[in-house]
Amino acid sequence: MPSKKSLNEQQIRTQFITPAILKAGWDLATQVGENTYITKGRVIVRGQVASRAKGKYADYILYARPNLPLAIVEAKDNNHGVGDGMQQALGYAEMLDVPFVFSSNGDGFLFHDRSGGSNDVEKLLPLDEFPSPEDLWARYRSWKSLTPKIESAITQDYYPSEPGKAPRYYQVNAINKAVEAVARKQDRILLVMATGTGKTYTAFQVIWRLWKAGIKKRILFLADRNILVDQTKTNDFKPFGGAMTKITNRKVDKSYEVYLALYQAISGTEEDRDIFKQFTPDFFDLVIVDECHRGSADENSAWREILEYFSSATQIGLTATPKETCEISTRYYFGEPVYTYSLRQGIDDGFLAPYKVVRVDLDKDLTGWRPERGKVDRNGQEIEDRIYNQRDFDRSLILEKRTALVARFVSDFLKASD
């Protein structure tokens, strides 16, 4: 047999590390992920040329069950020390919220326990003493102080993804943390995830797992734009099938379990604002609030009334941009985020493209706009006589020609840059 010193990392893994893991009782098909990519690699733009940096991947991720990671194992060839992969592995473990970390060069394992459940934070293990799944799960249960009810929730399976479309690591983190928070009876939960990182998919998996586990049986998903509700129903939420409905025509059918609704569809003018009150206050077990930094974060908002009416339900807020002003506080209502995935993280990981600000100042942006005396808007209301500027445009005032010009500029820019 050749010397270990002459073997490369892949040979060390194949001949020593993988056999040790399998001998400890880990199932290669369901519990061991090899060469698992964690990030895509940052998109690097130089002029008109774009390339991608190398993504981060773990040599091994060990799972209690799919999408419930327990351990990271980092391998090195035998020209390295047994612990030389530890710092790299610890970085991956922090990203994946994994408590148990191993480094190996084929001679043995250096084991690092991030859970704080061991007197020895780090210790050397012979190859034939790699921990079994039962051992690490027992440590995990102790670390998390899992009761049988909480354990049944966090081990509930995800809705199976299409081949090649496994959830990204940060989505797994967000889903698992939200489910655990609900199982621990936290009644207000906030997830902060950058635009484009899959908040609706994340919400679906949270709902699916809680629904399948029988923890939450009647769910309301609230959004403030019709296209969001329609896309949600058609795409991410499609697996709910006949158990799901969208509240339309200001009519309520109480025979469903998953309801999608526009704020505007269940609240409105004084005489018909009580659509949501056709449900009893305790009808829903779970309310998911998409873009919760909008009206629902303002305690004086009519939309907040809906959340307060269903106050006995667990409520999860989703947002990319939590608001904190004198009048509006997302955190005051929902609490501190149980998980945050920022725009910067998304760009660094390569799941979001980097951006460059292109500033265009139109004439009305520079000089402002003042209406002629007696000028009325499209509804026949007289426009207040004052000078309007960029702070007003598309907020308190819409100049339709300006909007068309902005749209034309954006369209021309996209065509020119392909």
> How far apart are the C-alpha atoms of D349 and Y170, what are their side-chain angles, what is the distance that settles it, and do they pass the side-chain hydrogen bond (donor to acceptor under 3.5 Å, both in side chains) test?
Replying inline: CA-CA 10 Å; D349 289 342; Y170 63 84; over 6 Å; no
> So, Q264 side chain and N226 main chain: donor-acceptor pair closer than 3.5 Å or not?
Replying inline: no
>> When you measure from the side chain of T367 to the backbone of D363, do you find a donor-acceptor pair of N or O atoms at a distance under 3.5 Å?
In response: yes
>> For F130 and F102, take the angle between the two ring planes, folded into 0 to 90°, and tell me which bin it lands in: parallel under 30, tilted 30 to 60, perpendicular over 60.
In response: tilted
> Can you name the closest pair of heavy atoms from E74 and Y92 and give their distance?
Replying inline: OE1-CE1, 3.8 Å
> Is the gap between the ring centers of F240 and W208 under 6.0 Å?
Replying inline: yes
>> I need the minimum non-hydrogen distance between T202 and A174, along with the two atoms involved.
In response: CG2-CB, 3.9 Å
>> Whether the side chain of Q205 engages the backbone of Y159 through a donor-acceptor N/O pair (distance < 3.5 Å, no angle test) should be reported.
In response: yes
> If every non-hydrogen atom of Y57 is compared with every non-hydrogen atom of D59, which pair is closest and at what distance?
Replying inline: CE1-OD1, 3.7 Å
>> Please verify the inter-ring angle class for W369 with Y388; under 30° counts as parallel, over 60° as perpendicular, anything in between as tilted.
In response: tilted
>> Can you tell me how far apart OG1 (T321) and CG (L343) are? Round to the nearest 0.5 Å.
In response: 11.0 Å
> Within a strict 4.5 Å, meaning less than it, do heavy atoms of the L220 and L286 side chains meet?
Replying inline: no
> How close do V101 and A93 get, heavy atom to heavy atom, and via which atoms?
Replying inline: CG2-CB, 3.5 Å
> Of all heavy-atom pairs between S312 and P281, which one has the smallest distance, and what is that distance?
Replying inline: OG-O, 3.5 Å
>> Go through it in stages, so that I can follow the logic: the residues are D290 and R225, the test is salt bridge (Lys or Arg N to Asp or Glu O under 4.0 Å), and I'd like the CA-CA distance, side-chain angles, deciding distance and then a yes or no.
In response: CA-CA 10 Å; D290 194 26; R225 284 183 289 165; over 6 Å; no
>> Strictly distance-based, threshold 3.5 Å: is any side-chain N or O of R42 a donor or acceptor partner for the main-chain N or O of A53?
In response: no
>> I want to check something: taking the side chain as every heavy atom from C-beta on, are I316 and V182 in contact at a cut-off of under 4.5 Å?
In response: yes
> With a 4.5 Å heavy-atom cut-off, do K177 and L191 have their side chains touching?
Replying inline: no
>> Between D77 and N79 (side chain of the first, backbone of the second, donor and acceptor by atom type, cut-off under 3.5 Å), is there such a pair?
In response: yes
>> Looking at Y333, is its backbone amide N or carbonyl O close enough to the side chain of R188 to form a donor-acceptor pair, meaning the two atoms are under 3.5 Å apart?
In response: no
> What's the spacing between H80 NE2 and E9 CD if we round to 0.5 Å?
Replying inline: 8.5 Å
>> How long is the straight-line distance from CZ of R402 back to CG of L362, given to the nearest 0.5 Å?
In response: 6.0 Å
> Of all heavy-atom pairs between F100 and L136, which one has the smallest distance, and what is that distance?
Replying inline: CE1-O, 3.5 Å
>> Going by side chain to side chain contact (heavy atoms under 4.5 Å, CB included), L222 matches just one of L228, I266, I247, V229. Which one?
In response: I266
> So, N389 side chain and G368 main chain: donor-acceptor pair closer than 3.5 Å or not?
Replying inline: no
>> Using 0.5 Å steps for rounding, measure from the CZ atom of R168 to the CD1 atom of I38.
In response: 14.0 Å
> Any donor-acceptor pair under 3.5 Å linking the side chain of Q88 with the backbone of G85?
Replying inline: no
>> Would you say that R386 contacts D392 through its side chain, given a criterion of any heavy-atom pair below 4.5 Å between the two side chains?
In response: yes
>> Between Y140 and A64 (side chain of the first, backbone of the second, donor and acceptor by atom type, cut-off under 3.5 Å), is there such a pair?
In response: no
>> Can a donor-acceptor pair be found, under 3.5 Å and without considering hydrogens, that links the side chain of D285 to the backbone of K217?
In response: yes
> Considering the options R65, R141, R184, which one meets the salt bridge (Lys or Arg N to Asp or Glu O under 4.0 Å) requirement together with E151?
Replying inline: R141
> When the ring planes of F237 and F204 are compared, do they come out parallel, tilted or perpendicular, using 30° and 60° as the limits?
Replying inline: tilted
> Between D97 and Y169, is any side-chain donor less than 3.5 angstrom from a side-chain acceptor?
Replying inline: no
>> Rounded to the nearest 0.5 Å, what separates atom OG1 in T245 from atom NZ in K251?
In response: 12.0 Å
> So, do R370 and D385 sit near enough that their side-chain heavy atoms are less than 4.5 Å apart?
Replying inline: yes
> Any side-chain heavy-atom pair from L70 and W26 closer than 4.5 angstrom?
Replying inline: yes
> Are R13 and Y60 in a cation-pi setup, meaning NZ or CZ lies under 6.0 angstrom from the ring centre and within 45 degrees of the ring axis?
Replying inline: yes
> Do T39 and M95 come close enough that some side-chain heavy atom pair is under 4.5 Å?
Replying inline: yes
> Cut-off 3.5 Å, side chains only: do E305 and Y309 have a donor facing an acceptor?
Replying inline: no
>> Is there a side-chain contact between N176 and Y158 in this structure, where contact means two heavy atoms from C-beta onward sitting under 4.5 Å apart?
In response: yes
